[in-house]
Amino acid sequence: MTHKIIVVDAFTDTPFAGNPAAVCLLPAPADEEWMRLVAREMNLAETAFLHPEADGWRLRWLTPTVEVELCGHATLASAHILWEDGHLSHGATARFHTRSGLLTATRGADRIILDFPAKPAEPAHPPEALSSALGVHAPRYVGRNQFDYLVELADETTVRGLTPDHGLLATLPVRGVIVTARADAGAPHDFVSRFFAPGSGIAEDPVTGSAHCALAPYWSAKLGRTSLTGYQASPRGGIVQVQLRGDRVLLGGQAVTMMRGMLMR
C-alpha cells in the first residue's frame, strides 16, 4: 500500500525558510514501528501522521527518535494540507485529536491560526549544566514548564550569537531549552527566541510553535500586551504571531508546500 507524504515549510511564506514538516495522510491508524521508521527516514524535526477520527483527525507527531506531546509547526503544516488538498472546505475548522487534547486550526485572512494550550513557565533554579551548555552565566530569568526550560538573556544579539554545547544540553531532564530576549529597538517583532532539543533528536529546531505556548504568557506579562510577534532566530528563521487568551494561546503563521511524494513501503 502507498501513502501520500508531503513536505511543508511552516511559519513562513518563503520557500526554504521556516520549519519543514512531513505530513503523512493515512486512511486509518498505522503500525507504531512503521511510523517511527518513516519519521527516521524523513529526518525532519517532525513528521505528522493523521487519519480521520470522529469529528476530525487523529494527529501524532514524531521526531527521528521520539514521539512528542505537542508540536506547532507540524500541526500548522497538517491543517495547510487538509485545506490545500480539499479534505476540508476553506471555511471549515480543522479539528485534531492529540496527546495534548483537542487542537483546532482556522484560516485567517493571511495566515493559519492554531488554538493551543498555554504552557507558562514557573521560576526554576538553573542546573549547572544549563548555564555551562549555553555559555551564559547570568541569565535574566530561568523558568520551567512541563516540557522545557525557558531562559531570558540580556538582548537579541546574545540570543542570535549562542553556540551551545548540544551534548551537555542533551543531559538535561527536559524536552528542550527555549532561549529568548526582548527584540532590539525598532525591530518588526517583539521578542526573539531559539529552541534547542538535542535530547529529543533535534539539535536546533528552526521554528517551534509549542515553545511559543510558553513565550506568549511570559512576554505578555513583561510587555503588558496580549498580542505579540515572535521571531525565531534560527538559521532558517520564522515568524509566529501569538495572542494570549486566558489558558489558551493562538499561534498564527503561514505555510508553503515544498514537496509531494508517495511512500512505497
Side-chain angles (χ1 to χ4, degrees), residues 9-12 14-21 40 42-46 63-66 68 71-74 119 121 123-145 147-216 218-219 222 228-240 242 253:
D9 286 347
F11 292 114
T12 183
T14 304
F16 308 109
N19 200 351
R40 189 176 69 184
M42 297 307 298
N43 199 33
L44 296 172
E46 236 80 40
T63 79
T65 60
V66 297
V68 300
C71 177
H73 83 281
K119 298 291 183 181
H125 179 73
E128 184 177 340
L130 177 61
S131 296
S132 297
L134 294 176
V136 176
H137 300 290
R140 290 190 169 181
Y141 172 85
V142 176
R144 182 175 175 176
N145 63 14
F147 298 137
D148 309 308
Y149 280 112
L150 174 64
V151 181
E152 184 190 353
L153 301 183
D155 51 45
E156 181 170 334
T157 299
T158 304
V159 171
R160 289 177 178 269
L162 283 178
T163 56
D165 181 334
H166 294 292
L168 196 51
L169 283 178
T171 67
L172 297 172
V174 290
R175 179 188 69 164
V177 176
I178 309 163
V179 183
T180 188
R182 187 168 183 169
D184 289 343
H189 43 270
D190 298 295
F191 61 88
V192 297
S193 67
R194 291 172 70 187
F195 183 72
F196 307 104
S200 300
I202 307 162
E204 179 170 3
D205 196 37
V207 192
T208 315
S210 61
H212 286 75
C213 294
L215 290 163
Y218 182 74
W219 285 110
K222 287 184 73 76
L228 300 162
T229 300
Y231 178 72
Q232 193 152 330
S234 68
R236 292 176 64 99
I239 293 288
V240 184
V242 300

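Proximity of a side-chain donor or acceptor of Asp9 to a complementary backbone N or O of Phe16 within less than 3.5 Å is detected. For Glu156 (side chain) and Val192 (main-chain N/O), no donor-acceptor pair under 3.5 Å exists by modelled atom type. In terms of modelled atom types and a separation under 3.5 Å, the side chain of Thr63 and the main chain of Ser200 share a donor-acceptor contact. Side-chain atoms of Thr171 come within 3.5 Å of backbone atoms of Leu168 as a donor-acceptor pair (strictly under, hydrogens ignored). Distance alone, capped at 3.5 Å, places no donor-acceptor pair between the Ser193 side chain and the Thr180 backbone. Here the side chain of Asp148 pairs a donor or acceptor atom with the backbone of Gly176 at under 3.5 angstrom.
Between Val136 and Leu153 the shortest side-chain heavy-atom distance falls below 4.5 Å. No side-chain heavy atom of Phe191 sits less than 4.5 Å from a side-chain heavy atom of Glu152. Taking the side chain as every heavy atom from C-beta outward, Val179 and Thr158 never approach each other to under 4.5 Å. Contact check for Leu172 versus Pro127: side-chain heavy atoms found under the 4.5 Å cut-off. Taking 4.5 Å as the limit, some side-chain heavy atom of Leu130 sits within range of a side-chain heavy atom of Val177. Taking the side chain as every heavy atom from C-beta outward, Leu215 and Val240 never approach each other to under 4.5 Å.
A side-chain donor from one of Ser210 and Arg175 sits under 3.5 Å from a side-chain acceptor of the other.
Minimum interatomic distance between Ala121 and Gly143 (heavy atoms only, all atoms of both residues): CB-C, 4.0 Å. Residue Val207 comes nearest to Phe11 through the heavy atom pair CG1-CB, 3.7 Å, listed as atom of the first residue, atom of the second, then distance. Across every non-hydrogen atom of His73 and Glu46, the tightest pair is CE1-CB, 3.6 Å. When all heavy atoms are compared, the tightest approach of Ile202 to Ala45 is CD1-O, 3.6 Å. Among all heavy-atom pairs drawn from Gly237 and Tyr231, the shortest one is CA-OH, 3.5 Å. When all heavy atoms of Leu169 and Leu134 are compared, the pair lying nearest together is CD2-CD2, 4.4 Å.
A distance of 10.0 Å separates CG of Asn43 from OG1 of Thr65, quoted to the nearest 0.5 Å. The NE2 atom of His125 lies 13.0 Å from the CZ atom of Arg144; values are rounded to the nearest 0.5 Å. The CZ atom of Arg236 sits 8.0 Å away from atom OG1 of Thr12, with the distance rounded to the nearest 0.5 Å. Distance check, rounded to the nearest 0.5 Å: CG of Leu228 to NE2 of His212 gives 10.0 Å.
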ring-ring contact (aromatic ring centres under 6.0 Å, His included) between Tyr141 and Tyr218: does it pass, once the steps are laid out? CA-CA 10 Å; Tyr141 172 85; Tyr218 182 74; 4.9 Å; yes
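Atom CZ of Arg160 is surrounded by more than 12 heavy atoms from other residues, nucleotides or ligands within 6.0 Å.
With sequence neighbours excluded, no residue satisfies salt bridge (charged side-chain N to carboxylate O under 4.0 Å, His left out) with Asp205. In this view, Arg182 and Trp219, Leu223 satisfy the side-chain contact (heavy atoms from CB on, under 4.5 Å) rule, not counting sequence neighbours.
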